[in-house]
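Here's the structure, in structure tokens; my notes come after.
A note on names: the letters A, B, ... follow the listed sequences, proteins ahead of strands, and every chain is numbered from 1. Atoms considered below: every heavy atom in the structure, side chains included; atoms not considered: hydrogens, waters and symmetry mates.
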Amino acid sequence: MRTRFAPSPTGSLHIGNLRSALFSWLFARHHGGQFILRVEDTDQKRYDPTAFATLVEALRWTGLDWDEGPDIGGPHGPYVQSERLEHYQKWGHWLVENSHAYRCYCTENRLEQVNKEKIARKEAPGYDRHCRNLSADERAQQDAAGLPYVIRFKMPLEGQTVVPDAIRGDVVFENNLMQDAVLLKSDGFPTYHLAVIVDDHLMEISHVTRSNEWLPSAPLHVLLYHAFGWEMPVWVHLPLLLNPDGKGKMSKRKPPRDRHGNLIPVMVHDYMRAGYLPEALTNFLANTGWNFGDDREVFTMAEAVERFDLPRLNPANSAYTQEKLDWLNGEHIRALPVEELARRLRKPLEDAGLTVEESRLQQVAPLVQIRLKKLNDVVDMAGFFFHTEFVPPALEDLVQKKMDAASTRNMLVAAYPVLEALDNFSPANQLEAMDALTGVLGVSRSQLFGGLRVAVTGQAVSTPTFETMEILGKAESLRRIQMAIQLLDSSAA
RNA sequence: GGCCCCAUCGUCUAGCGGUCUAGGAUGUUGCCCUUUCAAGGCAAAGACACGGGUUCGAGUCCCGUUGGGGCUACCA
């Protein structure tokens, strides 16, 4: 079995395309087959020289691997369509010579004109097949004049074409409703329709996996295989990933928003920057439109490879669920070995402008592991650990529930010498001492521990009190508590 | 408009004629735990789009309606 992913390089990787790629990859890997990467860059108007490197970066990040491709070569190369023009030209002209296609000399103006007239007459728009009906003389005349032309397919005027689809069965199309599609453009480049058939055949693709937006043009592709006399691959039209509201496919041109109005990332690089784990993203994507079985939602791609197959693919399109991705991301963060989490936390912290000391990072990682939904959340939660200068808390955060500045101050003043007297500054020891102090002072754990926590972290939401103080060290913790006391003093005055 | 695809809780899904007073997850709400935030535990609300058939029996099969999506380029 051989499947392929054939994106057109327009920048990063669209999440909907990643989902298609993922299904193709899982399918091939499950059956012990090969997965091929091919670049479909036949649209010269959209050419972007940096796009390919970005695409590969995104794809590598997701963990998908390919056996043949533009960057690694292979026996069926080249894997970039713009480098395969001779194939398309050869086979395009072969179709003309064997009367499956014809040269069309119509200008864009005429095409527009024909459409306008058809629409005015309330007919379906489309090419009127003017050049299909040229006499031999007329044809010779146009050729002699050296006019630019495109090659169009001679769609059968009657009958039906059946597309056998692996997940929805036979889909039947009426031939007379279909266009004489352009196969080879006037610039000598192929359209998708010609290129995909030639390449999939030459590259020996056994299963064509692609999103179901291609289903309407699949009969043309079937007919092309017939015309060439090539063996047809198995067609697998995958469901589409829709916007969170289920209206329209995910698109980077009109980026969707969640119900809080925040933009939802569409490109893989946006997910990388937002602090998502590749294993969470792929888990999420595999889990929408396909299911693992056994009611399991959290799984690795290695586990998915073992089980993946077409029968459990849902033929319906599905809406993107941000909440579920965020939950899965948290699950995968918690599943990481803590040293690995530490390693991945470095980048978001550094990107936030912080200087990250390795030993400190190792200490902080276990404290944030169960608290993070995204890696980037570490900046707000524990960024204070890496500040060169301590930023004291806001007064209103420092004053505890049902207390005022004076009573909060007195509480911290009482805690200070007790903490100072501790030889062993372990969290357990601190807890024991502070717990005892709550009884003496007549305050709750929440008030005392919370007051200390805000004092040493500088923020209302943070890592837990005693573990934090242990990392900060006794001296630094006491210094910060002292600062808090002064802050409360000045407010009382 | 035409053609094609699709249709179970808000969302992702299980269900492949009787085991369905429809299961899981997420999200929401409540309670518990608790040192903030999380995580964890428990609980609640929440769906077979509608109408016809077929059948002893339909969420499951067929048809229609409705709804949603896709395509309708010398873009992919």
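- One can find a donor-acceptor pair under 3.5 Å joining the base of B:rU35 and the side-chain atoms of A:Thr465.
- Atom name P, nucleotides B:rU21 and B:rU60: the rounded distance is 14 Å, in whole Å.
- Which of B:rG27, B:rG70, B:rU35 sits closest to the side chain of A:Lys373 comes down to B:rG27.
- Closest contact between the side chain of A:Thr288 and the listed nucleotides B:rC3, B:rU13, B:rG68 involves B:rU13.
- The pair A:Lys118-A:Asp128 fails the salt-bridge criterion, with no side-chain N (NZ, NE, NH1 or NH2) lying under 4.0 Å from an Asp/Glu carboxylate O.
- Within a 6.0 Å sphere centred on CD of A:Gln113, other residues, nucleotides and ligands contribute more than 12 heavy atoms.
- Nucleotides B:rG40 and B:rG64 place their P atoms 48 Å apart, quoted to the nearest Å.
- The phosphate of B:rU13 has OP1 or OP2 within less than 4.0 Å of a side-chain N or O from A:Asn314.
- Atom CZ in A:Phe284 sits roughly 10 Å away from atom P in B:rC12 (whole-Å rounding).
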Between the protein and nucleotides 45-49 of chain B, are there any N/O to N/O pairs under 3.5 Å, and if so, what are the atom names and distances?
none

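- Taking atom P on both B:rG59 and B:rG68, the two are 25 Å apart, rounded to the nearest angstrom.
- In this entry B:rC71 has B:rG2 as its Watson-Crick or G-U wobble partner, both defining distances falling under 3.5 Å.
- In this entry the distance linking CG of A:Leu325 with C1' of B:rC12 reads 12 Å, nearest Å.
- Contact annotation: side chain of A:Arg371 to base of B:rC37, donor-acceptor pair present below 3.5 Å.
- Distance A:Arg210 CZ to B:rG70 P: 17 Å, rounded to the nearest Å.
- Counting only distance, with no hydrogens or angles, the side chain of A:Asn314 and the backbone of A:Ala316 share a donor-acceptor pair below 3.5 Å.
- Rounded to whole Å, the distance from CG on A:Leu328 to P on B:rU11 is 18 Å.
- The partner of B:rG46 cannot be assigned: no Watson-Crick or G-U wobble pair with both contacts below 3.5 Å exists in any strand.
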Protein-nucleic acid N or O pairs under 3.5 Å, nucleotides 72-75 of chain B:
from, atom 1, to, atom 2, distance (Å)
B:rC74, O2, A:Ser186, N, 2.9
B:rC74, O2, A:Ser186, OG, 2.9
B:rC74, N3, A:Ser186, OG, 3.0
B:rC74, N4, A:Cys106, O, 3.4
B:rC75, OP1, A:Lys45, NZ, 3.3
B:rC75, OP2, A:Lys185, NZ, 2.8
B:rC75, O2', A:Asp43, OD2, 2.9
B:rC75, O2', A:Arg46, NH2, 2.9

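- In this structure, A:Glu331 reaches the sugar-phosphate backbone alone: every heavy-atom distance under 4.0 Å involves primed, P, OP1 or OP2 atoms, never a base.
- Across all strands, A:Ala460 comes closer than 4.0 Å to base atoms (heavy-atom distances).
- Ion pair A:Arg4/A:Asp199 not flagged as a salt bridge, since none of the NZ, NE, NH1 or NH2 atoms sits closer than 4.0 Å to an Asp/Glu carboxylate oxygen.
- The backbone N or O of A:Ala405 sits nowhere less than 3.5 Å from a side-chain atom of A:Arg409 that would complete a donor-acceptor pair.
- Base contact: A:Met381 has a heavy atom under 4.0 Å from a base atom.
- A:Asp245 places its CG atom 10 Å from the P atom of B:rU11, with the value rounded to the nearest Å.
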Between A:Thr457 and A:Gln459, is the side-chain hydrogen bond (donor to acceptor under 3.5 Å, both in side chains) condition met? List the steps. CA-CA 5 Å; A:Thr457 65; A:Gln459 53 195 54; 5.5 Å; no

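- On the C1' atoms, B:rA45 is 15 Å away from B:rU26, given to the nearest whole Å.
- Judged by distance alone, the side chains of A:Asp404 and A:Ser407 do bring a donor and an acceptor atom under 3.5 Å apart.
- The pair A:Glu40-A:Arg210 does not meet the salt-bridge criterion, since no charged nitrogen lies less than 4.0 angstrom from a carboxylate oxygen.
- Counting any heavy atom pair closer than 4.0 Å across all strands shown, A:Val172 reaches sugar-phosphate atoms only and no base atom.
- A:Gly450 comes within 4.0 angstrom of nothing in the nucleic acid, heavy atoms only.
- Between A:Tyr192 and A:Trp214, the ring-plane angle classifies as parallel under the 30° and 60° cut-offs.
- The aromatic rings of A:His237 and A:Trp235 sit parallel, their planes meeting at an angle under 30°, below the 60° perpendicular limit.
- The pairing partner recorded for B:rC31 is B:rG41, the criterion being a Watson-Crick or G-U wobble arrangement whose two distances lie under 3.5 angstrom.
- Straight-line distance between the P atoms of B:rG10 and B:rC50: roughly 13 Å, to the nearest whole Å.
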Could you write out each protein N or O paired with an N or O of nucleotides 22-25 of chain B at a distance under 3.5 Å?
from, atom 1, to, atom 2, distance (Å)
B:rG24, N2, A:Glu297, OE2, 2.7
B:rA25, O4', A:Glu297, OE2, 3.3
B:rA25, N3, A:Lys324, NZ, 2.8

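- Note on A:Asp180 versus A:Arg129: salt bridge recorded, some NZ/NE/NH1/NH2 to OD/OE distance being below 4.0 Å.
- Spacing between atom CD of A:Glu323 and atom P of B:rU28 amounts to 8 Å, rounded to whole angstrom units.
- Spacing of C1' atoms, B:rC42 relative to B:rU65, comes out at 44 Å, to the nearest Å.
- Residue A:Arg453 is in base contact, counting any heavy-atom pair closer than 4.0 Å across all strands shown.
- Judged by distance alone, the side chains of A:Arg453 and A:Ser462 do bring a donor and an acceptor atom under 3.5 Å apart.
- Taking atom CZ of A:Arg445 as the reference point, atom C1' of B:rU36 lies 14 Å away to the nearest angstrom.
- With C1' as the reference atom, B:rU8 and B:rC48 are 4 Å apart, rounded to whole Å.
- If A:Phe173 and A:Ser446 are placed on RNA chain B by their nearest nucleotide, the residue sitting closer to the 5' end is A:Phe173.
- No contact: A:Lys122 has no heavy atom under 4.0 Å from any strand.
- A donor-acceptor contact shorter than 3.5 Å links the side chain of A:Ser477 to the backbone of A:Met469.
- Comparing the P positions of B:rA7 and B:rA49 gives an interatomic distance of 10 Å, to the nearest angstrom.
- Under a cutoff of 6.0 Å and an axis angle of 45°, A:Arg296 and A:Phe299 do not form a cation-pi pair.
- B:rU54 is unpaired under the Watson-Crick or G-U wobble criterion, no partner having all donor-acceptor distances under 3.5 Å.
- Heavy atoms of A:Gly451 sit nowhere under 4.0 angstrom from any nucleic acid atom.
- Per the geometry, CG belonging to A:Leu215 stands 10 Å off P belonging to B:rC4, to the nearest Å.
- Across all strands shown, B:rA25 forms a Watson-Crick or G-U wobble pair, both distances under 3.5 Å, with B:rU11.
- The residue among A:Ser318 and A:Glu213 whose nearest nucleotide of RNA chain B is located toward the 5' end is A:Ser318.
- Note: A:Tyr320 and A:Phe284 have perpendicular aromatic rings, judged against thresholds of 30 and 60 degrees for the angle between ring planes.
- Note on A:Asn287: every side-chain N or O is 4.0 Å or more away from OP1 and OP2 of B:rC12.
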